[in-house]
Amino acid sequence: MTRNQKWTIASTAAGFSLENMDIMFLSFALTPIIASLHISQGAAGLIGTMTNLGMLFGGAIFGLLGDKIGRIKTFSYTIFIFAFATGAMFFAHSLPVIYVLRFLAGIGAGGEYGVGMALIAENFETKQVGRMTSVAAIGGQVGAIFAALAASFIIPHFGWNALFLLGIIPVILTYFVRRHLTESQEFLTAKEDAQKNHRKISFTRLFATPRLTFQTLGLMVMTIVQIAGYFGLMNWLPSIVQKQQGLSVSKSSIWMIATIIGMSLGMVVFGYIMDKFSAKAAFNIFLIGSACVLFIILAAHTALTMILTGMLIGFFSNGMFGGYGAVISRLYPTEIRSTANNLIMNVGRAIGGFSSFIIGLLMQYFNLKVTMMFLSGLYLISFIVMQLLPGFRQLKNVPAPDVEPE
């Protein structure tokens with residue numbers, strides 16, 4: 001890899017790592033928050049939902065900025081915002097304050113995804129994008145492992161508020177991003193061409209034709225399902241394990257690390273299949289796999305089977321995450337790539353984020369089997385939608401279009 005390619009993958013992986021660390025902080029802090037503030041499971045689930053609503057708002061703003069002023073500047077701005085909002089959780093001692101801070105953290109985190117994916121797509125060959133976006137997504141899992149280890153030590157000794165102080169670490173990353181990364185020639189050329197031909201950078205470009213509208217809405221449905229499964233499972237699986245096995249936060253962290261390792265392995269396999277065969281083949285395997293493996297957790301009642309189940313669920317349910325950025329980057333022109341990635345993914349985050357609230361209610365009023373049936377049905381819906389999108393059939397390691405499809 002060239003120097004800029006190395007810094008591109010290192011900075012995006014680090015950014016996703018720190019963002020995911022923040023998300024997992026909430027996952028491990030959820031049970032202590034419920035206990036300390038005496039709130040219902042539904043109200044606790046809304047904390048994650050507020051984060052995802054902030055991601056929609058931030059993604060929309062920073063997606064446009066990424067296409068207008070550049071990937072590098074925008075990337076560093078997003079890191080600053082979510083770092084300070086996360087650190088401020090140390091001072092949060094009421095539910096309304098937590099809602100506000102999680103919304104602000106979401107604004108910063110929401111802008112990071114699309115800009116990072118655009119950077120990767122513009123600095124690597126098309127046949128490498130699937131693997132490189134998966135590598136960046138694996139970086140996110142490193143952050144999750146760090147969060148699990150930190151939670152197992154900090155929460156029992158210092159309380160859940162202290163855990164969020166680690167959120168200020170990402171500020172250091174911005175220094176290296178601004179110092180070592182440069183804009184790609186592909187982006188600079190596309191930006192200049194758009195200005196010369198008076199093509200505006202706007203959300204309407206994603207709905208310019210009936211085919212584009214169908215493609216954009218279909219991808220939004222798929223990302224809604226992806227986020228619903230991921231946030232729903234990650235926010236509640238630690239609580240499920242603690243209840244099903246009677247484990248403490250520190251011991252359930254070990255189980256969560258096993259799940260994260262499974263996710264990382266899934267990303268490696270997904271990226272390989274996508275680049276070697278096709279995006280459609282990779283998504284076919286992982287969506288059907290996700291719909292099926294969820295039910296295994298119902299039969300897991302020992303520590304070993306819980307660990308193996310967690311790894312398998314993680315392998316399928318989150319192995320696909322990097323693939324969405326790779327697909328969106330190929331299907332939309334360079335000049336609106338950041339906008340497309342951020343809007344589509346963060347609509348998924350905003351709507352899919354309600355799964356944390358819904359799963360909280362399902363667990364409160366029904367049982368774990370009903371909850372798994374709900375999530376399994378979502379993956380099957382995503383599978384059906386993908387079959388209807390013509391763009392997936394045409395993705396054979398070809399570059400993104402220069403103009404929108406008719």
Side-chain angles (χ1 to χ4, degrees), residues 56 59-60 63-64 66-68 113-115 117-118 120-122 126-127 129-130 133 186-187 189-191 193-228 270 273-275 277-288 320-352 378-406:
L56 175 60
L64 290 172
D67 287 327
K68 289 183 177 181
Y113 178 86
V115 178
M117 290 300 179
I120 293 172
E122 290 155 13
T126 304
K127 63 182 180 181
V129 171
T133 53
E186 179 183 345
F187 167 71
T189 301
K191 181 182 177 183
D193 184 65
Q195 291 174 340
K196 184 169 64 176
N197 292 284
H198 306 290
R199 293 196 299 271
K200 293 183 178 181
I201 306 300
S202 68
F203 300 125
T204 58
R205 294 279 298 278
L206 308 182
F207 306 93
T209 66
R211 184 180 184 275
L212 260 180
T213 299
F214 182 66
Q215 174 178 284
T216 300
L217 293 177
L219 287 168
M220 284 178 177
V221 170
M222 292 185 69
T223 56
I224 287 169
V225 172
Q226 174 65 29
I227 299 303
F270 184 94
I273 295 173
M274 184 174 183
D275 287 341
F277 300 99
S278 69
K280 188 173 183 180
F283 275 99
N284 276 338
I285 293 169
F286 276 72
L287 284 171
I288 292 298
M320 309 174 266
F321 186 72
Y324 292 97
V327 166
I328 295 168
S329 295
R330 293 184 191 180
L331 291 177
Y332 295 86
T334 302
E335 66 203 59
I336 59 168
R337 182 173 286 155
S338 174
T339 301
N341 265 300
N342 265 356
L343 184 65
I344 292 171
M345 179 53 71
N346 286 301
V347 165
R349 281 171 164 164
I351 299 176
L378 290 182
Y379 285 117
L380 291 177
I381 290 172
S382 182
F383 175 80
I384 293 170
V385 169
M386 188 198 65
Q387 310 306 317
L388 302 175
L389 296 179
F392 268 88
R393 294 195 294 269
Q394 298 168 7
L395 284 177
K396 298 292 184 180
N397 292 329
V398 296
D402 294 325
V403 296
E404 290 87 349
E406 297 294 336

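No experiment lies behind these values; they were computed from the predicted model shown.
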J.: Check whether any side-chain heavy atom of F207 lies under 4.5 Å from a side-chain heavy atom of L217, and answer yes or no.
T.: yes
J.: Which atom pair, heavy atoms only, marks the closest approach of G130 to A326?
T.: CA-CB, 4.2 Å
J.: Could you check whether any side-chain N or O of T339 sits under 3.5 Å from a backbone N or O of G63, counting only pairs where one atom can act as donor and the other as acceptor?
T.: yes
J.: Is any side-chain heavy atom of K280 closer than 4.5 Å to one of Q387?
T.: yes
J.: When rounded to the nearest 0.5 angstrom, what is the spacing between CG in L343 and CG in L56?
T.: 7.0 Å
J.: Where is the tightest heavy-atom contact between A121 and S329, given as atom of each residue plus distance?
T.: CB-CB, 3.6 Å
J.: Might you work through the side-chain contact (heavy atoms from CB on, under 4.5 Å) test for Y324 and T133, ending with a clear yes or no?
T.: CA-CA 9 Å; Y324 292 97; T133 53; over 6 Å; no
J.: Hey, is the main chain of I227 close enough, under 3.5 Å, to the side chain of R349 for a donor-acceptor pair?
T.: no
J.: Give, for atom CE of M222 and atom CE of M345, the distance between the pair rounded to the nearest 0.5 Å.
T.: 10.0 Å
J.: Does a side chain donor of either T216 or Y332 reach within less than 3.5 Å of an acceptor in the other side chain?
T.: yes
J.: Using modelled atom types and a 3.5 Å cut-off, is there a donor and acceptor pairing between side-chain atoms of K127 and backbone atoms of D275?
T.: no
J.: If you compare all heavy atoms of E186 against all heavy atoms of R337, which two are closest, and at what distance to 0.1 Å?
T.: OE2-NH1, 3.2 Å
J.: Do R205 and K200 touch side chain to side chain, with heavy atoms closer than 4.5 Å?
T.: no
J.: Distance from I288 atom CD1 to Y379 atom OH, nearest 0.5 Å?
T.: 12.5 Å
J.: Say you draw a straight line from CD1 of I344 to OG1 of T223; how long is it, rounded to the nearest 0.5 Å?
T.: 7.0 Å
J.: Would you say the side-chain atoms of N197 pair up with the backbone N or O of D193, donor to acceptor, closer than 3.5 Å?
T.: yes
J.: Might you point out which heavy atoms bring G323 and F270 nearest each other, and give the distance in Å?
T.: CA-CE2, 3.5 Å
J.: Which heavy-atom pair separates I201 from I336 by the least distance, and what is that distance?
T.: CD1-CG2, 4.1 Å
J.: Roughly how far, to the nearest 0.5 Å, is CG of L287 from CG of N284?
T.: 7.5 Å
J.: Atom CZ of F283 and atom CG of L389: how far apart are they, to the nearest 0.5 Å?
T.: 10.5 Å
J.: Please walk me through it: do I328 and M117 pass side-chain contact (heavy atoms from CB on, under 4.5 Å)?
T.: CA-CA 9 Å; I328 295 168; M117 290 300 179; over 6 Å; no
J.: Could you tell me if the side chain of L219 sits less than 4.5 Å from the side chain of L331, heavy atoms only?
T.: yes
J.: Can you give me the closest heavy-atom contact between E335 and A194, atom names plus distance?
T.: OE2-CB, 3.7 Å
